[in-house]
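The next block holds one structure in the form of structure tokens; read it before the comments.
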Amino acid sequence: MKKYNPKVVEKKWQKIWQETDVYKADLHSAKPKYISMSMFNYPSGAGIHIGHAMNYTISDVLARFKRQQGYESYHPVGWDSFGLPAENYAIKAGVSPQESMRAIIPNYHKQYQAMGWSNDWSKEIATHTPEYYRWTQWIFSEMYRAGLAYQDARLQWWCDKCQTVLANEQVINAKCWRHDSADDVEVQQREVKQWFFKITDYADELLEATDALDWTDTVKTAQKNWIGRSEGVLFTFTVKDLNIQLQSYDSVPQTFKAQTFAVIAPEHPLVQQLIAGTEHEQPVLEMVEQIRKKKLGNKFEVDKDIEGVFTGRYLQDPFGTGDLPIWIASFVVADYGGGFVTCSAHDERDFAFAKKYNIPLRPVMFPQDKDLAQQVRDLEVCYHHDPEGVLEQAPEGIVGMKWGEAREPIIRYIEDTKMGTRSVQYKMRDWSVSRQRYWGAPIPIIYCEQCGPQLVSDSDLPVVLPELDNFQPSGDGRSALARATDWVNVLCPKCGGAGTRETDTLDTYICSSWYFLRYLDPHNTDKPFDKLTADRWMPVDFYNGADHATAHMLYARFVTRFFHKKGLLDTAEPFKRFLFNGKVTASDGQMFSKSKGNGVDPLEIIAEHGADALRTYLMFAAPLDLWVKWDAQGVPGAGRFLNRIWSLVHEFLQSPESVAENEKVIRFAHKTIKKVTADLESQKYNTAISSMMEMVNNLNTEKAESAFTGTSSWRFALESLVQLVAPFAPHMADELWEVLGHEDSVQKDHWPVLDESLVRESVVTLVVQVNGKVRGKLSVATGSSEEAVIAMAKEDEKIKAALGGSETKRVIFVPDKLLNLVV
RNA sequence: GCCCAGGUGGCGGAAUGGUAUACGCACAGGACUUAAAAUCCUGGGCUCGUAAGAGAUUGAGGGUUCGAGUCCCUCCCUGGGCACCA
């Protein structure tokens with residue numbers, strides 16, 4: 001018998017697949033479509049790691065399953081090739097990022113093929129190519145034209161190592177997402193003029209559409225929390241003695257009569273006006289400076305040590321309870337709810353601030369329980385967020401109501417008396433899309449002294465990123481592009497006068513917010529994508545990844561919705577199903593990392609055990625949403641399983657023919673077809689594989705008992721098994737399919753057909769319980785009646801003993817499963 | 001602090017409210033072999049027992065049910081996300 005040699009088999013089939021284009025998807029095929037993909041790969045010199053092996057195998061298995069089922073299945077491939085690491089490498093090594101990508105990407109081609117992934121290489125894309133980023137720039141222009149792109153000077157997180165600003169979500173534990181190791185410094189804040197996309201305009205619809213998504217729950221929750229919708233009341237106040245209006249937002253307006261002071265953010269633009277020319281000017285400015293320094297000192301952790309100072313100003317009796325003093329306070333978030341808020345005894349933070357600075361409080365709500373209420377009064381503790389708390393001070397008709405039920409009446413009262421209006425606030429901020437770096441898509445803007453910022457006309461796109469010799473940022477906060485004077489100095493598209501190009505490039509998250517659409521029409525030179533093709537293929541049927549659960553997913557949804565509104569796309573949501581899969585860690589649970597030197601190289605594993613064994617192990621180790629601890633013994637274990645299939649098929653082919661049928665092996669096959677098909681449909685790959693292992697065990701037992709009797713039965717079982725295992729071990733499956741005498745590849749349109757009637761056993765094991773405890777098991781004909789089973793049970797010695805002659809009070813009978821006698 | 005997701009043998013894990021520990025790994029014994037590797041077969045899994053067998057057991061405690069790993073309540077622990085958002 002030919003020995004299973006994955007090295008030979010895998011090479012052979014990789015070559016055949018490449019030559020015959022089996023994985024090329026016909027986007028205009030009459031077959032039903034299926035598109036399964038994992039998040040974009042960021043190409044680096046290091047090549048693929050075990051995390052890639054995990055991610056792309058997940059989507060590949062599904063793509064293969066659907067292809068075998070007869071779908072036009074598309075498993076796209078592309079490169080998220082813009083971004084900082086390539087640029088940093090260029091600075092260090094003096095090789096242009098363009099050059100690096102030319103060297104790195106072909107290397108990935110080989111590695112992807114070695115993993116046996118069924119990618120359609122004819123539609124490969126890379127975000128750093130002008131053919132691609134022309135449309136990334138076009139998206140910016142469309143956003144600009146729609147009023148969704150704007151420029152603003154803002155305090156931004158700045159990474160000194162990257163020499164660029166970072167979006168909020170790129171700051172992780174006070175550090176840059178690229179530089180978050182122990183010896184990296186924390187990010188700082190700087191005021192930088194930035195381009196923004198107004199994603200907040202879409203906050204509501206993004207939030208509303210979230211519930212209906214078939215996505216991993218944690219990701220949906222994370223998105224909702226990120227958007228952070230809050231409903232409440234926006235109050236408008238007048239500052240006493242000054243003609244200044246201020247607004248504050250309150251999501252818990254029930255206790256408005258308890259407000260005794262107000263706080264304003266130190267960064268608030270009106271602070272200067274409040275204090276100008278008063279004796280408070282000096283102390284306030286000192287406090288503002290002190291707080292600013294603290295923030296620059298990277299005080300990211302929630303600062304328990306809240307600080308503030310009185311401004312000397314008051315709000316003119318806003319609630320009929322007197323004037324409210326205005327304080328500067330460190331804890332006020334500047335860009336939420338206007339950076340100004342009124343405070344009461346019923347908020348923990350406000351309470352702590354008031355205690356620290358001896359500001360009088362006026363609690364208006366107390367516990368129902370009289371003793372507890374007295375305690376709150378006596379001890380002066382902060383009593384908050386209890387829906388059962390009773391309001392003691394409130395407008396007429398509302399006094400005495402519970403906090404939980406007073407909300408609506410109070411809001412109506414506030415609106416009726418014109419103190420404030422209903423309002424909705426979001427935690428989500430607009431998307432900062434400018435990066436002061438070279439290696440990205442240039443922002444298609446030209447500045448003209450006469451006309452201001454002007455969009456580069458669509459016919460002049462792409463604004464090609466010039467190749468440079470030096471990629472070091474210019475040092476003044478601008479990118480290396482600032483030095484490319486030939487490129488920077490251009491004519492204004494409006495007046496023809498002197499102009500200069502924007503030297504910021506676009507955040508790479510824009511590149512990855514629409515690439516799934518470009519996959520559907522990668523070579524189009526007139527449009528980003530063809531609408532008819534996109535309407536047929538969108539949304540993406542399956543998407544997975546182990547990172548970027550919040551920002552990337554939200555941005556992709558935003559851009560897709562934007563296209564949808566523009567009429568470029570029928571569908572509004574990009575990803576029908578999203579699996580947030582687990583990562584692979586070292587066997588001790590530690591993250592793999594270069595510095596720890598504990599990595600596992602997939603290519604080494606393939607060289608030793610084959611890609612099929614690696615793929616099968618990764619998909620078998622655990623449910624896909626759990627993290628997997630790498631087990632060095634796992635891959636050989638999966639290899640043994642594959643080897644058993646190999647042996648069964650070869651031994652079968654060498655055995656003498658027979659005409660006798662074997663019902664058992666037919667039943668094993670149908671049972672497994674049913675289980676594997678259902679499990680693949682819901683990505684329960686681990687149990688799909690274990691059911692195939694059971695089938696192999698059963699076939700081996702049956703072979704030992706009756707040899708390969710019934711050639712057609714055995715052939716059916718083995719061919720079914722080969723088809724079922726093909727998504728996981730595609731190379732071996734194609735080899736065995738050929739050995740079994742087929743001339744075509746098993747990869748297309750070959751999935752075994754289930755006959756439900758052949759799954760049923762004729763005899764089942766039925767459990768007999770006495771008072772809910774298992775006391776015996778009976779072999780009964782499938783579908784046996786209650787009476788028949790009870791009669792059998794009462795004959796059984798063990799059950800007789802357990803019953804001990806007592807009277808049966810109640811009988812629970814579940815056909816083919818269980819009989820419970822209650823005595 | 002808030003919001004998710006979890007907690008099952010030595011380990012990874014399985015189980016529409018119905019035989020808990022499938023499947024795999026590791027381990028032990030055996031077959032083949034001069035030997036090893038590879039392969040194949042068998043086995044126990046916690047406690048008691050030589051054994052047949054009996055009992056316990058799904059983080060802890062309560063509840064619903066004929067029956068709970070699964071449903072409800074309280075608590076503990078782990079992982080992840082958010083975090084001064086009024």
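All values below were derived from every heavy atom in this structure, side-chain atoms included, with hydrogens, water molecules and symmetry-related copies excluded. Throughout, protein chains are lettered first and strands after them, A, B, ... in sequence-line order, and every chain is numbered starting at 1.
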Using a cut-off of strictly less than 4.0 Å, decide whether [X] has a side-chain nitrogen or oxygen near OP1 or OP2 of [N].
X: A:Q425; N: B:rC85; answer: no
X: A:S230; N: B:rA86; answer: yes
X: A:K773; N: B:rA56; answer: yes
X: A:R349; N: B:rC84; answer: no
X: A:R640; N: B:rA26; answer: yes
X: A:N686; N: B:rA14; answer: yes
X: A:Y336; N: B:rA86; answer: yes

Can you figure out which of [options] approaches the side chain of [X] most closely?
X: A:T221; options: B:rA86, B:rC4, B:rC23; value: B:rC4
X: A:Q633; options: B:rA26, B:rC84, B:rG18; value: B:rA26
X: A:V774; options: B:rA14, B:rA20, B:rA86; value: B:rA20
X: A:F620; options: B:rC23, B:rG81, B:rU19; value: B:rC23

Check every strand shown and say whether [X] touches a base, only sugar-phosphate, or nothing at a heavy-atom separation below 4.0 Å.
X: A:G634; value: nothing
X: A:V252; value: sugar-phosphate
X: A:K224; value: nothing
X: A:P623; value: sugar-phosphate

Using a cut-off of 4.0 Å between protein heavy atoms and nucleotide atoms, how would you tag nucleotides 41-48 of chain B 5' to 3' with B, S and -?
-> --------
Nearest-Å distance once atom [atom1] is located in both [N] and [M]:
N: B:rA68; M: B:rG63; atom1: C1'; value: 11 Å
N: B:rU21; M: B:rC27; atom1: P; value: 24 Å
N: B:rG7; M: B:rA14; atom1: C1'; value: 16 Å
N: B:rG59; M: B:rU8; atom1: C1'; value: 10 Å
N: B:rG13; M: B:rG69; atom1: C1'; value: 14 Å
N: B:rU74; M: B:rC23; atom1: P; value: 38 Å
N: B:rG45; M: B:rA26; atom1: C1'; value: 12 Å
N: B:rC11; M: B:rU16; atom1: C1'; value: 29 Å

What distance separates A:L624 CG from A:Q683 CD, expressed to the nearest 0.5 Å?
-> 7.5 Å
List for me each residue that meets side chain to side chain contact (heavy atoms under 4.5 Å, CB included) alongside A:H670, sequence neighbours excluded, and say none if there are none.
->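 Counting only residues at least two positions away or on another chain, A:H670 forms a side chain to side chain contact (heavy atoms under 4.5 Å, CB included) with A:I666, A:I673, A:F716, A:L754, A:D755, A:L758, A:V759.
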Does A:Y383 offer a backbone N or O that forms a donor-acceptor pair with the side chain of A:H346 under 3.5 Å?
->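 Yes, A:H346 side chain to A:Y383 backbone: donor-acceptor pair under 3.5 Å.
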Examine distances only and state if a side-chain atom of A:T216 and a backbone atom of A:F580 form a donor-acceptor pair shorter than 3.5 Å.
-> yes
Quickly work out the [X] [atom1] to [N] [atom2] distance and round it to whole Å.
X: A:D217; N: B:rC82; atom1: CG; atom2: P; value: 17 Å
X: A:W627; N: B:rG13; atom1: CH2; atom2: P; value: 13 Å
X: A:R810; N: B:rG67; atom1: CZ; atom2: P; value: 9 Å
X: A:M693; N: B:rG24; atom1: CE; atom2: C1'; value: 5 Å
X: A:L554; N: B:rC82; atom1: CG; atom2: C1'; value: 14 Å
X: A:K220; N: B:rC4; atom1: NZ; atom2: P; value: 13 Å
X: A:I812; N: B:rU65; atom1: CD1; atom2: C1'; value: 10 Å
X: A:L648; N: B:rC40; atom1: CG; atom2: C1'; value: 12 Å

Would you say the base of B:rC66 and the side-chain of A:N820 have a donor-acceptor pair closer than 3.5 Å?
->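 Looking at the base of B:rC66, it does pair with a donor or acceptor on the side chain of A:N820 (distance under 3.5 Å).
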Ignoring hydrogens and angles, are the base of B:rU16 and the side chain of A:K817 linked by a donor-acceptor pair under 3.5 Å?
-> yes
Atom NZ of A:K703 with >12 non-hydrogen neighbours under 6.0 angstrom | yes
Atom NZ of A:K671: over 12 foreign heavy atoms under 6.0 Å |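 Counting neighbours around NZ of A:K671, 12 or fewer heavy atoms of other residues, nucleotides or ligands fall under 6.0 Å, so no.
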A:W215 ring centre to A:R557 NZ or CZ under 6.0 Å, with the angle to the axis within 45°?
->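 Flagged: A:R557 positioned over aromatic ring of A:W215.
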Does A:Y426 have its ring centroid less than 6.0 Å away from the ring centroid of A:W226?
-> no
Please check if the distance between the ring centroids of A:Y685 and A:F728 is under 6.0 Å.
-> yes
Residue met sooner reading RNA chain B from 5', once A:V767 and A:L626 are mapped to nucleotides | A:L626
Specify the residue among A:N643 and A:A622 whose closest nucleotide of RNA chain B lies further upstream toward the 5′ end.
->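 Residue closer to the 5' terminus by nearest nucleotide: A:A622.
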Any idea if B:rG10 is syn or anti, going by the 90°-from-0 cut?
->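 B:rG10: anti.
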With sequence neighbours excluded, residues passing salt bridge (charged side-chain N to carboxylate O under 4.0 Å, His left out) with A:K356 | A:D305
Got a sec, which residues hit side chain to side chain donor-acceptor pair (under 3.5 Å) with A:K674, two or more places apart in sequence or on another chain?
->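 Applying side chain to side chain donor-acceptor pair (under 3.5 Å) to A:K674 gives A:E756.
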Non-neighbouring partners of A:T421 that pass side chain to side chain donor-acceptor pair (under 3.5 Å), sequence neighbours left out =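 For A:T421 there are no side chain to side chain donor-acceptor pair (under 3.5 Å) partners, ignoring immediate neighbours.
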If pairs are Watson-Crick or G-U with both distances under 3.5 Å, what is the dot-bracket string of RNA chain B, marking crossing pairs with [ ] and pairs to another strand with |?
-> (((((((..(((.....[....))).(((((.......)))))..(((....)))...(((((..]....))))))))))))....
Take the angle between the ring planes of A:Y357 and A:F353 and call it parallel below 30°, perpendicular above 60°, tilted in between.
-> tilted
